[in-house]
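Inspection log for the structure reproduced underneath, given as structure tokens.
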Amino acid sequence: QEQSARAVGRAFSGEAADTGAASLWWNPAAIARGPGRADAHIGVHRVTVDATVRDTGSTIQRPVPNLPRLSVGGAQLQNDPIDKGTVPNLGAAWRLNDQWAVGLSVNAPYNFTTRYDLNSFTRYQALKSRLFNAEVQPTIAWTPTPQLSLGAGVVFSYADATLSNALPNPSPLAPDGSSNLTGNGWDQGWVAGLQWRPTDRVTLGLSYRSGIKHKLDGQVTVQGLLGPAAAANVDVPGKATFETPAMLVAGGRWRATDRLTLNAQVQRFDWSAFDAIRVQFAGRTQVSRQDYEDTTSVAVGADYALTPQLTLRAGLQRDPTPTPDIGRTARVPDGDRWLYAAGATVSPNERVAID
């Protein structure tokens with residue numbers, strides 16, 4: 001969600017109904033109206049995550065007849081496996097006339113890196129998981145009536161991934177083997193939305209962002225397997241496929257007074273599309289189950305113009321995790337969360353705003 005500093009300040013509570021290039025991620029109709037003939041924004045977010053991952057009884061069935069399930073063993077506690085990250089975003093919009101506008105945004109919606117020690121209890125499921133994602137979205141918007149704006153855009157999405165984990169040898173006394181996948185590729189999606197203004201003080205927004213089926217071309221390396229398992233050692237080209245979720249966003253903004261604007265937003269994420277990561281190489285397919293669940297986030301917030309140069313804002317959001325309780329993977333450890341936000345906009349002049 002961290003695609004606008006202004007949006008973070010109110011916990012993503014009014015973006016589908018706001019105007020300008022900073023809201024392009026949530027609604028392509030946002031650029032149909034905005035400040036002046038053209039506007040642009042650039043932002044950067046620093047994301048730091050405190051996390052503890054703990055083993056609560058993980059076991060393994062090694063490929064040996066009659067050998068019982070054994071404890072995975074290894075380090076039972078991992079602190080802060082999620083790397084800190086910097087997420088930039090930028091966008092621009094040009095209003096061609098009273099009815100038409102065009103825009104372009106660059107965002108990085110799906111980015112993370114998790115790392116675990118080689119002796120971690122997670123090693124057979126995850127050692128390093130890295131996803132770099134960047135999206136370029138050209139957009140066009142149309143205002144057929146003073147009350148209605150429509151927008152649509154094409155999303156060009158680049159993904160670069162690395163997934164590594166240890167592999168168990170038949171004997172628990174033998175050192176582990178390893179698996180490493182790297183790949184990248186471009187894929188496409190789309191976004192469409194509308195904004196409706198029933199009165200001068202109320203704006204309602206609705207948008208839909210399609211899911212994107214990613215197909216990554218790269219290399220698969222399996223090494224270190226011994227004995228009968230050694231036949232699985234390979235270093236060959238491979239393909240990985242996974243799908244990011246579609247998003248349905250509905251939001252509203254009500255200018256309750258000349259200074260106070262109240263915001264609300266609901267977002268539905270089609271996370272169940274991310275059911276697995278499938279890797280194809282050397283005539284076989286490996287499936288890493290994810291089994292994410294669809295989620296709905298709800299947010300409320302407010303903007304208050306303290307002076308013509310200073311606007312204060314705050315917000316609250318409930319954001320449930322899509323990861324299942326049964327089968328949660330170590331690659332992306334996650335849980336339900338509440339977001340408490342505060343922010344401000346300082347405008348030293350009518351052309352510049354700092355969020």
Side-chain angles (χ1 to χ4, degrees), residues 49 51-64 67 69-83 110-133 159-184 214 216-243 274-292 323-324 326-334:
V49 183
T52 299
V53 180
R54 186 187 308 274
D55 184 20
T56 58
S58 303
T59 61
I60 183 172
Q61 177 67 61
R62 292 181 182 269
V64 177
L67 187 67
R69 295 189 70 88
L70 303 172
S71 171
V72 168
Q76 305 294 292
L77 181 67
Q78 292 282 279
N79 289 313
D80 293 332
I82 305 171
D83 280 7
Y110 302 104
N111 288 269
F112 73 94
T113 302
T114 55
R115 307 172 193 266
Y116 295 92
D117 297 336
L118 292 176
N119 68 337
S120 169
F121 78 94
T122 69
R123 62 193 181 280
Y124 296 130
Q125 186 178 76
L127 286 174
K128 179 180 179 180
S129 307
R130 173 187 172 273
L131 176 63
F132 170 80
N133 173 233
D160 186 298
T162 299
L163 301 173
S164 69
N165 56 273
L167 294 173
N169 270 300
S171 170
L173 302 178
D176 291 332
S178 65
S179 172
N180 189 74
L181 162 72
T182 58
N184 60 75
H214 289 275
L216 310 185
D217 294 319
Q219 195 76 9
V220 176
T221 303
V222 176
Q223 58 187 4
L225 294 177
L226 306 174
N233 291 327
V234 295
D235 188 5
V236 296
K239 297 179 181 292
T241 59
F242 65 93
E243 188 169 351
F274 186 52
D275 61 338
I277 302 171
R278 296 171 174 86
V279 182
Q280 298 175 329
F281 64 98
R284 53 183 130 149
T285 300
Q286 285 186 356
V287 179
S288 174
R289 302 300 308 179
Q290 305 298 318
D291 294 328
Y292 276 31
T323 61
I326 304 299
R328 178 174 288 114
T329 78
R331 289 206 184 277
V332 188
D334 192 31

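As a basis for the values below, the full set of heavy atoms in this structure was taken, side chains included, without hydrogen atoms, waters or symmetry mates. Note that the structure is a prediction, hence the values are computed from the model and not measured.
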Residue pair Thr323, Thr329: steps toward the side chain to side chain contact (heavy atoms under 4.5 Å, CB included) verdict: CA-CA 8 Å; Thr323 61; Thr329 78; over 6 Å; no
Are any non-hydrogen side-chain atoms of Val279 and Lys239 less than 4.5 angstrom apart? no
Closest heavy-atom pair, Leu131 versus Ala161, reported as atoms and distance to 0.1 Å, is CD1-CB, 4.2 Å
Using a distance-only test with no angle check, is there a side-chain donor-acceptor pair under 3.5 angstrom linking Gln290 and Ser288? yes
Checking Glu243 side chain against Ala276 main chain: does a donor-acceptor pair fall under 3.5 Å? no
Below 4.5 Å, heavy atoms only, C-beta onward: do Tyr292 and Val332 meet side chain to side chain? yes
Can you check whether Pro175's main-chain N or O pairs, donor with acceptor, with Asn169's side chain at less than 3.5 Å? yes
Grab the two heavy atoms, one from Pro170 and one from Arg62, that are nearest each other, plus how far apart they are. O-CD, 3.6 Å
Mark yes when over 12 heavy atoms from residues, nucleotides or ligands other than Arg69 sit less than 6.0 Å from its CZ; otherwise mark no. yes
With Arg130 as partner, the option from Asp160, Thr114, Thr113 fulfilling side-chain hydrogen bond (donor to acceptor under 3.5 Å, both in side chains) is Asp160
Asp334 bridged to Arg328 by N-O distance under 4.0 Å: no
Got a second to check how far Thr221's OG1 is from Asp235's CG, nearest 0.5 Å? 3.5 Å
After noting the C-alpha distance and the side-chain angles of Thr241 and Gln280, does the key distance pass the side chain to side chain contact (heavy atoms under 4.5 Å, CB included) rule? CA-CA 9 Å; Thr241 59; Gln280 298 175 329; 5.6 Å; no
Looking at every heavy atom in both Val220 and Gly238, which two are closest together, and how far apart are they? CG2-CA, 4.0 Å
What's the separation between atom CG in Leu167 and atom OG in Ser178, rounded to the nearest 0.5 Å? 6.5 Å
Within a strict 4.5 Å, meaning less than it, do heavy atoms of the Asp176 and Tyr124 side chains meet? yes
Could you give me the CA-CA distance, side-chain angles and deciding distance for Phe281 and Gln286, then say whether side chain to side chain contact (heavy atoms under 4.5 Å, CB included) is met? CA-CA 8 Å; Phe281 64 98; Gln286 285 186 356; 3.7 Å; yes
Spacing of CZ belonging to Phe242 relative to NE2 belonging to His214, to within rounding of 0.5 Å: 5.0 Å
Of all the heavy-atom pairs spanning Pro168 and Leu225, show the shortest one and how long it is. O-CD2, 4.0 Å
Looking only at non-hydrogen atoms, find the nearest pair between Asp83 and Arg115 and report the distance. OD2-NE, 2.8 Å
Leu118 atom CG, over 12 foreign heavy atoms within 6.0 Å: no
Spacing of Thr122 atom OG1 and Gln76 atom CD [to the nearest 0.5 Å]: 10.5 Å
Using only atom types and a distance under 3.5 Å, with no angle test, would you say the side chain of Gln125 pairs donor to acceptor with the backbone of Ala330? yes
Give a yes or no answer on whether the side chain of Thr182 reaches the backbone of Gly218 with a donor-acceptor pair at less than 3.5 Å. no
Are the side chains of Pro333 and Ile82 in contact, using a 4.5 Å heavy-atom criterion? yes
Output the distance between atom CZ (Arg278) and atom OG1 (Thr285), rounded to the nearest 0.5 Å. 9.5 Å
Could you tell me the separation between the OG atom of Ser58 and the CZ atom of Arg123, rounded to the nearest 0.5 Å? 10.0 Å
Sub-4.5 Å side-chain heavy-atom contact between Val53 and Tyr116: yes
Closest non-hydrogen atom pair between Leu226 and Ala174, with its separation: CD1-CB, 4.1 Å
